Amino acid sequence: MRLLIADDEDYAREGLITSISWDKYGIDEIMQARDGREALTISTWFRPDIVLTDIRMPKLNGLEFAERLIRLCPDSKLLFMSGYLEIEYLKKAISLDAVEFVEKPIELEKVEGAVKKAVDFVREKERHEKKRGPVAEAGAPASVKHAQA
């Protein structure tokens, strides 16, 4: 599974990467970005399964990045981090179908809980797609066959 961490604070990105045992969640590829613009560029070729992004970043903030990301990688699961609990941020995160919103300063247990939740969503989608695979090959649209099952 692929994870992208976007945060303008180097120590936050590096701290997350080194402090969490990502392999226990099935995450074996991690990329990092210093701002939303760099995160979007990386996403075009990396295609992250999960994105952990700060909201306040230079060049392109986390919310703007996420809006563009979901057009590019609609299956990516979003986790937002912020030290600012403004209602507008929360509303926007909800509208972008965020899996979780983690407050800064970061508590590793909360980040791990959010990551586990996102991993579960990704795995459930993969299981669902595997179930649909043979049905779709039978010739009828998967949604029609699935509805009859």
Side-chain angles (χ1 to χ4, degrees), residues 1-133 136 141-144 146-147:
M1 208 170 296
R2 293 176 306 279
L3 170 73
L4 172 61
I5 299 174
D7 195 317
D8 58 322
E9 298 171 358
D10 294 339
Y11 67 91
R13 288 191 322 272
E14 292 297 330
L16 286 167
I17 289 171
T18 59
S19 300
I20 295 175
S21 299
W22 297 103
D23 55 336
K24 77 179 179 184
Y25 300 105
I27 295 171
D28 53 7
E29 295 179 63
I30 302 173
M31 292 296 298
Q32 52 182 311
R34 290 181 298 268
D35 59 60
R37 187 176 299 154
E38 183 179 35
L40 193 60
T41 299
I42 290 169
S43 296
T44 60
W45 57 268
F46 185 58
R47 313 301 272 193
D49 297 298
I50 300 169
V51 175
L52 179 57
T53 183
D54 189 15
I55 289 182
R56 287 194 177 181
M57 295 185 293
K59 298 184 183 173
L60 190 65
N61 73 42
L63 296 169
E64 294 166 331
F65 155 63
E67 285 180 322
R68 296 179 189 189
L69 174 74
I70 58 176
R71 288 192 294 261
L72 180 68
C73 304
D75 293 332
S76 291
K77 297 299 173 195
L78 295 165
L79 305 171
F80 288 101
M81 305 178 285
S82 184
Y84 306 92
L85 279 179
E86 295 181 20
I87 293 295
E88 290 308 311
Y89 287 170
L90 293 171
K91 285 180 181 178
K92 188 64 175 178
I94 290 167
S95 76
L96 293 168
D97 203 23
V99 172
E100 196 71 61
F101 191 100
V102 180
E103 289 180 70
K104 286 184 172 182
I106 292 171
E107 294 178 31
L108 289 177
E109 303 80 33
K110 289 186 179 181
V111 173
E112 289 192 66
V115 167
K116 183 183 180 322
K117 197 172 174 182
V119 166
D120 290 346
F121 276 119
V122 171
R123 287 184 176 150
E124 181 59 34
K125 183 172 183 359
E126 288 171 353
R127 277 192 293 274
H128 182 70
E129 286 176 355
K130 283 181 184 177
K131 286 180 183 177
R132 288 181 58 191
S143 59
V144 173
H146 185 66

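Note that the structure is predicted; figures quoted are calculated from it, not measured. Hydrogens, waters and symmetry mates play no part in the numbers below; they use all other heavy atoms, side chains included.
- How far OG1 of Thr53 is from CD of Glu64: 11.0 Å, rounded to the nearest 0.5 Å.
- Summarising the geometry, atom CG belonging to Leu40 is positioned 6.5 Å from atom CZ belonging to Phe65; distances are rounded to the nearest 0.5 Å.
- More than 12 heavy atoms of other shown residues, nucleotides or ligands fall within 6.0 angstrom of atom CG in Asp120.
- Considering all non-hydrogen atoms of both residues, Trp22 and Val115 come closest at CZ3-CG2, 3.7 Å.
- Residue pairs meeting the side-chain hydrogen bond (donor to acceptor under 3.5 Å, both in side chains) criterion with at least one member in residues 76-90, sequence neighbours excluded, are Arg56-Glu86, Arg56-Tyr89.
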*asked:* Between Lys116 and Glu100, is the salt bridge (charged side-chain N to carboxylate O under 4.0 Å, His left out) condition met? List the steps.
replied: CA-CA 10 Å; Lys116 183 183 180 322; Glu100 196 71 61; over 6 Å; no
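- Here Lys92 pairs with Glu67 in a salt bridge; the nearest charged N to carboxylate O distance falls below 4.0 Å.
- The two residues Ser43 and Cys73 make their nearest non-hydrogen contact at O-SG, 3.8 Å.
- Under the side-chain hydrogen bond (donor to acceptor under 3.5 Å, both in side chains) criterion, Asp23 pairs with no residue, sequence neighbours left out.
- The one candidate from Leu3, Ile42, Leu4 that meets the side-chain contact (heavy atoms from CB on, under 4.5 Å) condition with Val51 is Leu4.
- Contact annotation: the side chain of Leu69 never approaches that of Leu96 to less than 4.5 Å [non-hydrogen atoms, C-beta and beyond].
- For the residue pair Arg13 and Asp8, the shortest heavy atom distance occurs at NH1-C, 4.0 Å.
- Across all non-hydrogen atoms, the minimal contact from Leu63 to Asn61 is N-OD1, 2.8 Å.
- We find the CG-CG distance between Leu16 and Leu52 to be 6.0 Å, quoted to the nearest 0.5 Å.
- Formation of a donor-acceptor pair under 3.5 Å by the Arg34 side chain with backbone atoms of Met57 is not found in this model.
- Considering all non-hydrogen atoms of both residues, Pro58 and Asp35 come closest at O-CB, 3.2 Å.
- Two residues are said to be in side-chain contact when any heavy atoms from C-beta on lie closer than 4.5 Å; Thr44 and Leu72 meet this criterion.
- Contact record, Phe80 with Ala93: CD1-CB, 3.7 Å, taken as the closest heavy-atom pair.
- Each of Glu14, Gln32, Lys104 was evaluated against Asp7; a single residue qualifies, Lys104, per the side-chain contact (heavy atoms from CB on, under 4.5 Å) test.
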*Might you work through the side-chain contact (heavy atoms from CB on, under 4.5 Å) test for Phe121 and Ile50, ending with a clear yes or no?*
CA-CA 10 Å; Phe121 276 119; Ile50 300 169; over 6 Å; no
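- The environment of CZ in Arg2 is crowded: more than 12 heavy-atom neighbours from other residues, nucleotides or ligands sit within 6.0 Å.
- Using a 4.5 Å heavy-atom threshold, the side chains of Ile20 and Tyr25 count as touching.
- In this structure, Lys125 pairs ionically with Glu129, as a charged nitrogen and a carboxylate oxygen lie closer than 4.0 Å.
- In this structure, CE on Met81 lies 10.5 Å from CZ on Phe101, to the nearest 0.5 angstrom.
- Atoms CD and NZ, on Glu112 and Lys110 in that order, are 13.5 Å from each other to the nearest 0.5 Å.
- Note that CZ of Arg47 is 14.5 Å distant from CE of Met31, once rounded to the nearest 0.5 Å.
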